[in-house]
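Right, one structure below, let's go through it.
Throughout, protein chains are lettered first and strands after them, A, B, ... in sequence-line order, and every chain is numbered starting at 1. None of these values were measured; they are calculated from a predicted model.
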Number of protein chains: 2
Amino acid sequence: MTATPTPRVTIKDVAARAGVSKGAVSLAFNRKPGLSEATRERIFRAARELGWAPSSTARTLAGSRVDVVGLAVCRPARLLGLEPFYMEFVSGVESVLVERSCSLLLRLVRGQDEEVRLLESWWRGRQIGGSILVDFRADDPRPAAAGRLGLPAVAVGHPSLTGGLTSVWTDDATAVTEAVRYLAALGHRRIARVGGAAALGHTSIRTAAFDEAVRALEPPARAWQTATDFSGDAGARATRSLLAAAPPERPTAIVYDNDIMAVAGLSVAAEMGLRVPADVSLLAWDDSQLCRLTHPTLSAMSHDVHGFGADVARTLFGVISGEGPGSHPVPTPVLTPRGSTAPPKA
Amino acid sequence: MTATPTPRVTIKDVAARAGVSKGAVSLAFNRKPGLSEATRERIFRAARELGWAPSSTARTLAGSRVDVVGLAVCRPARLLGLEPFYMEFVSGVESVLVERSCSLLLRLVRGQDEEVRLLESWWRGRQIGGSILVDFRADDPRPAAAGRLGLPAVAVGHPSLTGGLTSVWTDDATAVTEAVRYLAALGHRRIARVGGAAALGHTSIRTAAFDEAVRALEPPARAWQTATDFSGDAGARATRSLLAAAPPERPTAIVYDNDIMAVAGLSVAAEMGLRVPADVSLLAWDDSQLCRLTHPTLSAMSHDVHGFGADVARTLFGVISGEGPGSHPVPTPVLTPRGSTAPPKA
DNA sequence: AATAGAGACTTTACCGGTTCAGTAGGGGGT
DNA sequence: ACCCCCTACTGAACCGGTAAAGTCTCTATT
């Protein structure tokens, strides 16, 4: 990409116009001491008149801050497009970045190794000042890589998964437990869960919590769990196989790990001639607008994904400015009952 | 954001290890003539051994290419998250950027003025080498801004909207016409369209084409059109009001401008006790996985959004490397009939 | 034998900032 | 009147590359 002969205005022009050296302009724009109020004012006026803003490229090269935050996402593109989660998360992140005139460098990667290489090259090339890490797996290589590089990073995921990195997480275990208790309280004793990708850490956490929660029920209940790839198709397949059994062997309630799968489940139930919620109750996760667009509307474990993204970004700025590792829980998803859950019909 | 005392390896280290000057290293890495094959090889080996890659920041500052592409999106975050379109589009763009080791700088903005300011600051600060422009409106200020700045840009939208910029577009008019003819061929004579945001250029194009297509029908048909904000809620409201009328005044087929609204419409029909497609046919746009997850499945005007994004990115590289303005149509969306369209019941 | 020209590098001057060691000028203390 | 210190600012080096001009060595030409 070649440059165009646009007459660039640089710090030198501003300095000349204000009648000072470029060092002075730099001091002014970085709010550092050593300038009189009058000079400072003059410099800002000159900059305003010329429409100048410091070049972040030059700043970066000169060794100060890097005002770009990296986000590598490793999921097949088609899935990504569908999951309302990501875009909303990104918009939350953005909302905080904008306040600090930072930008988001986004990259879709195909695997964790690629992601590690990317982070390394971003960081070593000073392209980013820090990074957000999502979708943790067991034995994730990223915390070690971040540590080795000294890359400021925030991990989105439970501390048990994020290898000592500063983490921001929702308490999935508690949420799963709440979901199970809610369904049990409605009278359900045959409860299934259509989980997300088995390789993801938070899926394991939810799986364990679900088992635990069902085991704790009194009177005892029957449980089913499957893993999927989060896609609607997988959700549909899982639902079909769950609902294919005759009534005593068929769950009366199904919990899904995202809302796409729940939507798919709803349609499978309809296709099989089962009424929701009379014959089977459905409970979605990651409540997005989608859950209110179906008929019946979907009950969901909902949380504020936008706010979540914002929290993550804020936390990252903390890490960048030197805060030690920490663990930041965000509010647990709350149960939002709608039309898809009800007591099982006798 | 402060730098960490990571021992950076720079071009100097590579030069020293290969026993040449840094100029030589630069020549080698930019595949420029003037080096013997042996030296070139030695340099690459040294770089590989040290794990060095040129710093894109320094490169940018030195005045050569900027390997970042900008994309500012102006839509409310909640909507964005829902529209499968964007993430899929972005993933298509990425797929081409990755091949050329470029990155995507993404920013959500709240208005066109903000976007113009952003583009200006990105470009003047040499943060981007070019930009993708989406969501054109009437009298859009962006083509003029891009022209004034000399910013290489590709406009996603019909040439009539994009003010002389190189454009990549789908032929919405033809697609709308095809949709109308298809419904008419099924026997529908009362056809409604739930359009997108009225301010967007492609919405006007579709609106005009719809009018035109309906007028051309023989025997004559009755038509309705509304504008929305693309949200599911708006789609639901529009559908409700369309279906509230008694049969002779009620459309027997509805076309939606995206799939979210079609899903919402489907649920409204169910809620009102109308059968799809027996009582009313529904046709979605921007076919995503969502359309196959409902019951009945949604017929849709589908196109390859991922490929569209890739085309846009490729075109942008063309513009960046100096190609003059051009107009690049991509394949027209094709009708994909599924379960939500059928002849109206007598 | 002198000269030109090409090939293979090296040197050097930027790019647009930051940073830090100076330095000029003014006020206070003795 | 002299020294010292503080404030306010300047100048130059540097960040990690690129690019244009310069140097040196060889070979081909006249």
Side-chain angles (χ1 to χ4, degrees), chain A residues 1-16 18-43 46-47 50-67 101 121 123-127 129, chain B residues 1-43 46-47 50-67 121 123-127 129:
Chain A
M1 307 186 180
T2 43
T4 333
T6 312
R8 309 196 156 284
V9 22
T10 77
I11 199 174
K12 222 186 302 187
D13 306 313
V14 175
V20 296
S21 68
K22 41 183 211 151
V25 177
S26 178
L27 291 192
F29 267 76
N30 292 298
R31 327 195 158 283
K32 295 205 174 159
L35 287 184
S36 69
E37 207 37 63
T39 309
R40 206 174 283 274
E41 186 48 50
R42 216 158 14 101
I43 291 173
L50 293 169
W52 177 81
S55 144
S56 78
T57 307
R59 267 189 169 167
T60 297
L61 187 55
S64 61
R65 83 201 111 316
V66 180
D67 46 10
S101 326
S121 103
W123 176 244
R124 308 229 300 188
R126 298 184 63 88
Q127 302 232 72
Chain B
M1 309 187 180
T2 43
T4 332
T6 310
R8 309 196 156 284
V9 22
T10 77
I11 198 174
K12 222 186 302 186
D13 305 314
V14 176
R17 179 172 251 262
V20 295
S21 68
K22 45 182 207 151
V25 178
S26 178
L27 291 194
F29 267 77
N30 292 298
R31 325 195 158 284
K32 295 205 176 160
L35 287 184
S36 69
E37 208 35 64
T39 309
R40 206 174 282 275
E41 187 48 50
R42 219 163 5 107
I43 291 174
L50 292 169
W52 178 80
S55 144
S56 80
T57 307
R59 265 189 170 170
T60 298
L61 186 56
S64 62
R65 81 203 114 317
V66 179
D67 46 10
S121 106
W123 176 244
R124 307 230 299 190
R126 301 184 61 88
Q127 303 233 70

Rounded to whole Å, the CG-P distance (B/Asp13 to D/dG16) equals 9 Å

Mind calculating the distance between CZ (A/Arg42) and C1' (D/dA8) to the nearest angstrom? 11 Å

Grab the two heavy atoms, one from [X] and one from [Y], that are nearest each other, plus how far apart they are.
X: B/Ala24; Y: B/Leu35; value: O-CD1, 3.3 Å
X: B/Ser26; Y: B/Asn30; value: O-ND2, 2.8 Å
X: B/Val20; Y: B/Val25; value: CG2-CG2, 4.0 Å
X: A/Leu50; Y: B/Arg124; value: O-NH2, 4.0 Å
X: B/Val66; Y: B/Thr60; value: CG2-CG2, 3.8 Å

Would one find a side-chain N or O of A/Ser36 under 4.0 angstrom from OP1 or OP2 of D/dC9? yes

Assign B/Thr39 to base, sugar-phosphate, or nothing according to its heavy-atom contacts below 4.0 angstrom with the strands shown. sugar-phosphate

At a 4.0 Å cut-off to heavy atoms of chain B, the contacted part of DNA chain C spans C/dA8 to C/dG16

Sort and list the pairs that fulfil salt bridge (Lys or Arg N to Asp or Glu O under 4.0 Å) and have at least one residue in residues 12-22 of chain B, not counting sequence neighbours. B/Arg17-B/Glu49

How does protein reach along nucleotides 17-27 of chain D, written 5' to 3' as B (base within reach of a heavy atom under 4.0 Å), S (only sugar-phosphate), or - (no contact)? BSB--------

For the CZ atom of A/Arg8 and the CH2 atom of B/Trp123, what is their distance to the nearest 0.5 Å? 6.5 Å

Nearest 0.5 Å, what's the CD1-CG distance between A/Ile43 and A/Leu27? 7.5 Å

